[in-house]
Amino acid sequence: MGSIVQLSEHVSNQIAAGEVVGRPASVVKELIENAVDAGATDIDVVVVDAGRTLIQVVDNGKGMSSDDSQLCFKRHATSKISSADDLLSLVTKGFRGEALASISAVSQVELKTREAGTELGTRVVLSGSDTGEVDEIACSEGTQFAIKNLFFNVPARRNFLKSDQVELRHIIAEFQRVAMAHPDLSFRLQSNFSDLFNLRPGSLRQRVVAIFGTKYDERLVPLDESTDVVKISGFVGKPSFSRKTRGEQFLFVNGRFIKHPLMHKAIMKAYEGVLAPGNFPLYTVFLEVDPKRIDVNIHPTKVEAKFEEDQAIFSILRSTIKRGLGKHNVAPSLNFDTELSISIDPVPSNKIIEEPQVQIDPTYNPFKTASTTSRSSSSYMKSMDFGCGAIEEANIDNFFEVKESVEMLEFPDTIESSKYFQFQNRFIVTIQGENLILIDARRAHKRILYEQYLDDGMGLEGEGSQKLLFPEPIELNSADTILLVEASDVLATYGLELEELVAGGVEIISVPSGLAGKIQDCIDSVLEALRDGTWADEEGRREKLAAVWAQVGSIPKTKKLSDEEMSAMIGGLFSCASPATDPWGKSVFTVFNAKSIDDILG
Ligand code: ADP
Ligand code: MG
C-alpha cells in the first residue's frame, strides 16, 4: 500500500491557515478588505484583548445570500475571480478565496449577513471549520463577522503571539493601511470597547490628519502628476517634520498597500540633502499603473509588485516629489554642508594675541601624582551641566593606562598649553603620555549618561527622575497614545511618568533627570523603542531605556565645549566601566601613537 494520502480539507485548511493567519492583525486585514470589496461605506472593527478573544467586523456592504454564507468558508471559494488572467486587472483586494477558509479553521466564527432586498438574513456558526448551526435571522443589511478565540485549537500558535501591546500595534497598522487607501469610507476601530479611530469620509488630506493628528495638516506637501506610465498622487511630509521612525510611510499601487523597496528608495532620493541622516519622512503615495504592466506576486502575507517600467517610474516619482518639496519651499531649509566644514572662531581684530606663557617642569609626570581613587562617572556628571556651565574640575589623573615614566615629548609647550582642544566642534583631541586620543564628544557623553542612569537607579525613588513643576501635555495620535499609555507602568519605573488626557495625547508628570528641556525628543525616542517592541526582559528594558535617555540627554553632534567641559568629559568618560563604546556599541574614541601613525604613513 502506498504511503501517500490526500490530506483532509480540515487538515489542509489548518496548514494554510498558518500562512494566511499569522496573527490577529491578519484577520483584521482580511475582514476589512472583504468589507471594502463588498461595497461597504461604513466599517466598524472591534477587538478585545488585541484580537485574541474577539475580532468583530461589521459592514453595510452588499451582504451574502444564504448559500454564499456557507460557501464562503470553503477553500478557493471566491466571487471575485474566475481565471488567472483576471489577476492583472484586479480591482478588488481579495481574490484567492482563502481567507475565510483559513480563519475559520483556527477560530470560532459567527457570521450574520443579509442581502439588500431580502427580508431575513442568515446566521452561520462554525468552530474550527466545522459548521455548527445555520439559521435564518433578522439582522441589518450587510455582513457581521465575529471571530472568537483565535487559535483556540492551535495552542502552539496562540503561545507564539506577542504581548497585547505588540499585537494591537499590528492591528492598528493594518487598519491604517486600509483606511488610508479609502478616505471616502467611514472606518472605526475600538479596542477593549474604547475608540481608537473614528474616521469620517473626506479627502485624503482629511484622512491623513484624522489618522496622525491635526498638527500634521501643515506638514503635508501634495503630489499630483500624471504621465503615460504612472499617475502619482498623495502627500509627502516636509523634511523638517521627519521623524526617527519609519512608521508613517505608506505606498499604494492601484489602491493596494505594498512594500516596494525600489520605490521607497526613489522617495528617499528625493529627500537627499534636505533630510537629517537617520530621519524618515512621512509619505502616503498612491501610484496608478496600468494593471497589465504590473506583475503582481501575491504572497499570503505580503504583496510585491514588479513594474514593467521600473526605472521610468522610479525617476518620475523621485522628480515629482523633489519638485513638490521645492515648490513648497522646504528644500533649502536645512543645510548639512556646514557641519562638514571646519568652524574656526573668528578672532576680533582689535584683540592682541598673546603668545602662550608656559612654564615647563620637565620632571613633571602627570600620571605620577594620580590619586588612585576611582570616581564614579555619575559624580562627574552631577556637577557637569553643559547647558549652564557649572563644572567641577575633573579628575583626569588616573585615566587611561598609567605609565610610570613619561617620555618628554618634542613640543611640550603646545601640549601643556592645551591638554585638550576641540576639532570641528565635535572631537576632543587630547594627548596623554605617548598617545594622541581623538574622542567623539557626543558619544562620550552618551556613554557617561548611560552609566549614570544605570548607577543612579532610574526609578521614581532613585535620583534618575525629576518631577515637572507643571505637567506638560503632549499632543499625540491615538495609536501613539495607546502605545505610551499601555507602557506607562513600566515607563514610570524608569523615571518617565505620564497620564492619558481625555482630549487625546498624554500629560508628562516626571521625566528622567536632565531631560526636562527635551520632553518631545524623549517621547519620540520612547515611541521608537516601543514600536521596536523587543524588550525581552527586565534587564534588557532597563538598558534600552537608559540608552534612550542617554541619547536624548546627550549634547548635539557639534557643540563648542569650554576647557572645563572638555576636561570633565574626558574624566567622566574614563571613569566609565566601558568607555570604549557608546550605549549602541559605536566607538567613542580612537588612539594614535608613534607606531600606529608610522603604520598609517607607511
Ligand atoms: P476572497 O476575498 O479572496 O474572495 P475570502 O475568503 O476573503 O476570499 O472571501 C470569500 C468570499 O466570501 C468573497 O469572495 C465574497 O464573495 C464573500 N465575502 C466575504 N466577506 C464578505 C463581506 N463582508 N460581504 C460580502 N461578501 C463577503
Ligand atoms: Mg478576502
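Residue indices begin at 1 and follow the sequence shown. Counting starts at 1 for both ligands and their atoms, in listed order. Because the structure is a prediction, the values reported are computed rather than measured.
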Structural part of A38 in contact with ligand 1, heavy atom criterion under 4.0 angstrom: side chain
May I ask whether M64 has any heavy atom positioned less than 4.0 angstrom from an atom of ligand 1? yes
Have a look at F235 and tell me which of L204, V221, L223 forms a side chain to side chain contact (heavy atoms under 4.5 Å, CB included) with it. L204
Where's the contact between V57 and ligand 1, heavy-atom distance under 4.0 Å: side chain, backbone, both or neither? neither
Per-atom contacts, ligand 1 versus A99 - under 4.0 Å to a heavy atom: 6 (O), 7 (O)
Might you work through the ring-ring contact (aromatic ring centres under 6.0 Å, His included) test for F175 and F197, ending with a clear yes or no? CA-CA 9 Å; F175 175 87; F197 294 93; 5.4 Å; yes
Do S107 and N149 have side-chain atoms, one donor and one acceptor, less than 3.5 Å apart? no
Close N or O approach (E30, ligand 1; < 3.5 Å): no
Geometry only, no angles: is N34 polar-contacting ligand 1 at N/O separations under 3.5 Å? yes
Would one find an N or O of L100, backbone or side chain, under 3.5 Å from an N or O of ligand 1? yes
Salt bridge check, E119 against R114: does any charged N sit closer than 4.0 Å to a carboxylate O? no
Candidates T41, T143, D44 - the one meeting side-chain hydrogen bond (donor to acceptor under 3.5 Å, both in side chains) with N60: T41
Sub-3.5 Å N/O-N/O distance, T143 and ligand 1: yes
Identify each donor-acceptor pair in which a side-chain atom of residues 266-274 lies under 3.5 Å from a protein atom, sequence neighbours left out, and give them as a table.
| unit_1 | atom_1 | unit_2 | atom_2 | d |
| --- | --- | --- | --- | --- |
| K269 | NZ | E272 | OE2 | 3.4 |
| Y271 | OH | G237 | N | 3.3 |
| Y271 | OH | G237 | O | 2.6 |

